[in-house]
Amino acid sequence: MIVTIDGVAASGKSSVASGVARALGVPYVSSGLLYRAATLLGQEAGLDLTDAAELLLHLRSRPLRLEPLAGGNRVWQGDRDLTPDLHASGVDSGVSVVAAHPDVRAWVDGQLRALTAPFVAEGRDMGTNVFPEAPAKFYLTASPRVRAERRARERPEDVEAIEAALSRRDALDMAQSAPAPDAQIIDTGPLTLDGVIGVILAALPARDPSASK
Ligand SMILES: Nc1ncnc2c1ncn2[C@@H]1O[C@H](COP(=O)(O)OP(=O)(O)OP(=O)(O)O)[C@@H](O)[C@H]1O
Ligand SMILES: Nc1ccn([C@H]2C[C@H](O)[C@@H](COP(=O)(O)O)O2)c(=O)n1
């Protein structure tokens, strides 16, 4: 079975996906890391991130590998682990431009669709575009203030500045961030992390252990 968890920036997608995946004993797949890796490599090579053709040529010359694990995902380029660099604020500010290119999206989608189910996939368009056939879809929301307060607990930055950056990213990512019509929308604002995971686990269809999707 594939479970999709989409939502706005910092709504809890990766923490919730990891918790659900652990409970189900399957890996989770963080699609945003591939967009982040494309951005990091483009920036490191000094490329113009608005030039999708040049960026894709560069990405295809040394392929990336997403390693989906229940506890956390890693992205490799050869034997270099890119993961520790993928949440730098420079990547945060460039990634929406990269994620807006249709050809980059097709490059990411191809890698995701090549993965073997079962897994929990999180991102923006997992339920709408990449795995529309998934039998269980969820979409996480929370106000920009709630999300900024949560982020401020992990980064030594001002809540107002984080909130402004999140709202900017929400606007830039809006085109690919709509909930699937058959997704259950969960406002995580009033819920704990375990509470959100519990809502999702309770809503999952009964599992057939022999099914692969
Ligand atoms: N329901 C919740 N209650 C309290 N804290 C939460 C909840 N959900 C997530 N968090 C916390 O909010 C922060 C952001 O969560 P997380 O990184 O999982 O979000 P994300 O949607 O994957 O972010 P991004 O879009 O930047 O990849 C983390 O510190 C996480 O522990
Ligand atoms: N399926 C996806 C996943 C991510 N993105 C974009 C949106 C974000 O700006 C960026 C990083 O994602 P995050 O790590 O914050 O979840 O990648 C997307 O367009 N589609």
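All residue numbers in this chain count up from 1 along the given sequence. Since the structure is predicted, the reported quantities are computational estimates derived from the model, not experimental observations. Atoms within a ligand are numbered from 1 in the order they appear, just like the ligands themselves.
Residue Ser15 holds the heavy atom nearest to atom 18 (O) of ligand 1 of all those in Ser15, Gly195, Gly32. Of the listed residues (Arg124, His87, Met126), the one carrying the non-hydrogen atom nearest atom 13 (P) of ligand 2 is Arg124.
The OG atom of Ser15 lies 5.0 Å from the CG atom of Leu193; values are rounded to the nearest 0.5 Å. Here Met1 contributes atom CE and Phe119 contributes atom CZ; the two are 11.5 Å apart, rounded to the nearest 0.5 Å. The distance from atom CG of Leu24 to atom CG of Leu201, rounded to the nearest 0.5 Å, is 6.0 Å. How far OG of Ser30 is from CG of Leu66: 7.0 Å, rounded to the nearest 0.5 Å. Here the CZ-CG distance, from Arg36 to Leu82, works out to 13.0 Å after rounding to the nearest 0.5 Å. With rounding to the nearest 0.5 angstrom, the CD atom of Glu122 is 11.0 Å from the OG1 atom of Thr4.
No N or O atom of Ala9 sits closer than 3.5 Å to an N or O atom of ligand 1. Of the polar atoms of Arg153, none of the N or O atoms is found under 3.5 Å from an N or O of ligand 1, judged by distance alone. For ligand 1, the polar-atom distance check finds no N/O of Val16 at less than 3.5 Å from any of the ligand's N/O atoms. Between Ser11 and ligand 1, an N or O atom pair is found at a separation short of 3.5 Å. Ligand 1 has a nitrogen or oxygen under 3.5 angstrom from a nitrogen or oxygen of Arg151. Between Arg36 and ligand 2, at least one pair of N/O atoms sits closer than 3.5 Å.
Ligand 1 has no atom lying under 4.0 Å from any heavy atom of Gly7. In this structure, Ala9 does not count as a contact residue of ligand 2, since none of its heavy atoms falls inside 4.0 Å of the ligand.
Only backbone heavy atoms of Thr192 (N, CA, C or O) come within less than 4.0 Å of ligand 1; its side chain stays farther off. With a heavy-atom cut-off of 4.0 Å, Val196 touches ligand 1 through its side chain alone. At a heavy-atom cutoff of 4.0 Å, ligand 1 is contacted by the side chain of Glu154 but not by its backbone. Counting heavy atoms under 4.0 Å from ligand 1, residue Glu149 does not touch it at all. Both the backbone and the side chain of Asp125 come within 4.0 Å of ligand 2, counting heavy atoms alone.
Near Gln176, meaning under 4.0 Å from any of its heavy atoms, are these atoms of ligand 2: 19 (O). Near Ala99, the atoms of ligand 2 lying under 4.0 angstrom from a non-hydrogen atom of the residue are 6 (C), 19 (O). Close contacts of ligand 2 with Ser31, meaning ligand atoms under 4.0 Å from a residue heavy atom, involve 1 (N), 2 (C), 3 (C). The atoms of ligand 1 that sit less than 4.0 Å from any heavy atom of Arg169 are 26 (O). Atoms of ligand 2 lying under 4.0 Å from at least one heavy atom of Lys13, given by number and element, are 16 (O). Heavy-atom contacts of Ser96 reach the following atoms of ligand 2: 9 (O) (cutoff under 4.0 Å).
Closest to atom 20 (N) of ligand 2 among all protein heavy atoms lies Arg105 NH2, 2.9 Å. Atom 19 (O) of ligand 1 has Gly12 N, 3.1 Å as its closest protein atom, hydrogens excluded (heavy atom only). In this structure, atom 17 (O) of ligand 2 lies nearest to the protein heavy atom Tyr35 CB, 3.6 Å. If you check which protein heavy atom lies closest to atom 20 (P) of ligand 1, you get Lys13 N, 3.5 Å. With hydrogens left out, the protein atom closest to atom 4 (C) of ligand 1 is Arg150 NE, 3.4 Å, a heavy atom. Looking only at heavy atoms of the protein, atom 3 (N) of ligand 1 is closest to Leu191 O, 3.3 Å. The single protein non-hydrogen atom nearest to atom 10 (C) of ligand 2 is Val95 CG2, 3.5 Å, given as residue, atom name and distance. In terms of protein heavy-atom proximity, atom 9 (O) of ligand 2 is nearest to Asp173 OD2, 2.9 Å. Among protein heavy atoms, atom 8 (N) of ligand 1 sits closest to Leu193 CD1, 3.5 Å.
The closest side-chain donor-acceptor pair between Thr188 and Arg150 falls under 3.5 angstrom. Side-chain polar atoms of Asp81 and Thr83 form a donor-acceptor pair below 3.5 angstrom.
When atom types are taken as modelled, the side chain of Lys137 and the backbone of Asp6 share no donor-acceptor pair closer than 3.5 angstrom. The backbone N or O of Val16 sits nowhere less than 3.5 Å from a side-chain atom of Tyr28 that would complete a donor-acceptor pair. In this structure a side-chain-to-backbone donor-acceptor pair under 3.5 Å is present from Arg147 to Ala9.
For the side-chain hydrogen bond (donor to acceptor under 3.5 Å, both in side chains) test with Glu163, the passing option among Arg151, Arg145, Arg168 is Arg145; the others fail.
Leu172 and Leu34 are members of different hydrophobic clusters when ILVMFWY side chains are connected at heavy-atom separations under 4.5 Å. Leu115 and Met126 fall within the same hydrophobic cluster, defined by Ile, Leu, Val, Met, Phe, Trp and Tyr side-chain heavy atoms under 4.5 Å apart, directly or through other members.
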Using the rule given for salt bridge (Lys or Arg N to Asp or Glu O under 4.0 Å), can you reason through Asp85 versus Arg80, listing the C-alpha separation, both sets of side-chain angles and the distance that settles it, and then say yes or no? CA-CA 11 Å; Asp85 300 324; Arg80 177 181 170 199; 3.3 Å; yes

Report the C-alpha distance between Tyr139 and Ile186 in whole Å, list the side-chain angles of each, state the deciding distance to 0.1 Å, and finish with yes or no for side-chain contact (heavy atoms from CB on, under 4.5 Å). CA-CA 6 Å; Tyr139 189 90; Ile186 303 173; over 6 Å; no

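Taking 4.5 Å as the limit, some side-chain heavy atom of Leu47 sits within range of a side-chain heavy atom of His58.
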